[in-house]
There are 2 protein chains.
Amino acid sequence: MEGSGRESGNALLFLTDEQLRKGIEAMFFAYRGFTADPDRILADMAYGRAHHRAVHFIHRSPGTTVNNLLAILGVTKQSLNRVLRALVEDGLVRSEVGKRDKRERHLYLTEAGEALERQLSDAQRDRMRAAYRAAGPEAVTGFRQVLEAMMDDEMRKRYDALKDLKG
Amino acid sequence: MEGSGRESGNALLFLTDEQLRKGIEAMFFAYRGFTADPDRILADMAYGRAHHRAVHFIHRSPGTTVNNLLAILGVTKQSLNRVLRALVEDGLVRSEVGKRDKRERHLYLTEAGEALERQLSDAQRDRMRAAYRAAGPEAVTGFRQVLEAMMDDEMRKRYDALKDLKG
DNA sequence: ATAATACGTCAGCTTTGTTGACATTCCAAG
DNA sequence: CTTGGAATGTCAACAAAGCTGACGTATTAT
């Protein structure tokens, strides 16, 4: 992007259907690896991937509202509510009535919730770290660039909104 | 891997939890974008993502057996069978009894099946192509390197097995 | 002959998504 | 103060796509 113009020239040459298909298949198999470790951990409990996502984003943005979470995850409130209810009942998530706007519920992880989050994200980060190390720092930059370019506009908004919080 | 040792030195400096989390979130949102276009197309029909995967890999490896497909997709035969039955009934997939081993069923896409595959993969390739172009050729290399390093050993076997077919 | 393999199928269960309908609570505008 | 709309929660019903277990059948291998 801010690099030389040299690479833009022959970039198109590499975009054969064969190359693209490999990218598609790599994405498919890699995503399985990406979720494999948390899935294994969650399989022992009564939780699934949906719980993992909720826990992740509540940890990421403590005090986020249900509506916020809905927008990020892109599911219906009924679907999220089922997951959230289980997490609250099991004492992993705390739901606080908003002070400014009492209609809103602000979500926080409890100690137990943070512990689960740590367990799950440790596993996922370990794999990501290993992949990053194996591929090297320049690959990491490229990896992120392609992923960000691959998002829907909707998704990119959500991703960027998260970035603004802390990153 | 076969590159310089220079980059390995400062690689570790970049592996903060913050960086890793961004990678995790990028993966999450990008995968949604990755599947969004086919999902939209399939929503109009009575098909889902499972049908897409079956169609993709039958197109990719014409004449593949049910067991082969099972191993690649990583699902149970009951689950795959439901999908496959629908595709055969709808005339998108042809199932041929094996000549050497008559227990095996070899799977092929019909004309209609190929047409659907083209429609789906065109959409997905378009997005992948756009992402590749936006990110540049060096990013593409990095993207693939990280993805391949992120796969489970099991997944990588399946991915490599596919690569050997044509790529 | 017998065992193992490949495939199909029936039945039942789980997770995670969907719609639609409806109640409650609360803010804000009239 | 009343009322309309927004945010949330809940109930019911359903679908997609995964799972296990059991069973049958044809075919191949031992």
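Chain naming here is simple, since letters A, B, ... match the order of the sequence lines and numbering starts at 1 in each.
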If the cut-off is 4.0 Å, is B:H51 near the phosphate of D:dA17, judged by side-chain N/O to OP1 or OP2?
yes
Whether each nucleotide of nucleotides 19-30 of chain C has a protein heavy atom under 4.0 Å at its base (B), only at its sugar-phosphate (S) or at neither (-) is summarised, 5' to 3', as BBB---BBS---
Check this for me: does any side-chain nitrogen of one of B:K157 and B:D160 sit under 4.0 Å from a carboxylate oxygen of the other?
no
Starting at atom CD of B:E104, determine the distance to atom C1' of D:dT25, rounded to an integer number of angstrom.
16 Å
Do B:E25 and A:Y159 have side-chain N/O donor and acceptor atoms under 3.5 Å apart?
no
Under 4.0 Å, counting only non-hydrogen atoms across every strand here, what does A:G98 touch: a base, just sugar-phosphate, or nothing?
nothing
Counting only side-chain nitrogens and oxygens, does B:N81 get under 4.0 Å of the OP1 or OP2 atom of C:dC7?
no
Are the aromatic ring centres of B:F29 and B:F34 under 6.0 angstrom apart?
no
Test ring-ring contact (aromatic ring centres under 6.0 Å, His included) applied to A:F28 and B:F57, step by step:
CA-CA 11 Å; A:F28 171 70; B:F57 285 110; 5.6 Å; yes
More 5' along DNA chain D: B:G48 or A:V66, using each one's nearest nucleotide?
A:V66
Quick one: is C:dT9 close enough that its OP1 or OP2 comes under 4.0 Å of any side-chain N or O from B:R85?
yes
Taking only the side-chain nitrogens and oxygens of A:R53, find out if one of them lies under 4.0 Å from OP1 or OP2 of C:dG17.
yes
Between C:dT5 (C1') and B:N68 (CG): distance, integer Å:
14 Å
Would you call the rings of A:H52 and A:H56 parallel, tilted or perpendicular, where under 30° means parallel and over 60° means perpendicular?
perpendicular
From CD of B:E96 across to C1' of C:dC7 the rounded distance in Å is 16 Å
For B:D39 and C:dT18, give me the distance from atom CG to atom C1', rounded to whole Å.
14 Å
So which one's nearest nucleotide on DNA chain C is more toward 5', B:R82 or B:S95?
B:S95
Does the distance from a Lys or Arg side-chain N to an Asp or Glu carboxylate O, for A:D152 and B:R127, drop under 4.0 Å?
yes
Between A:R85 and A:E89, does any side-chain N to carboxylate O distance fall below 4.0 Å?
no
Whole Å only: how far is the CZ atom of A:R49 from the C1' atom of D:dG18?
11 Å
Return the value, rounded to whole Å, for the distance between atom CZ of A:R40 and atom C1' of D:dC19.
17 Å
Over how many whole Å does the gap from B:L87 atom CG to D:dA17 atom P extend?
10 Å
Calculate the interatomic distance between A:L84 atom CG and C:dT16 atom P; express it in whole Å.
13 Å
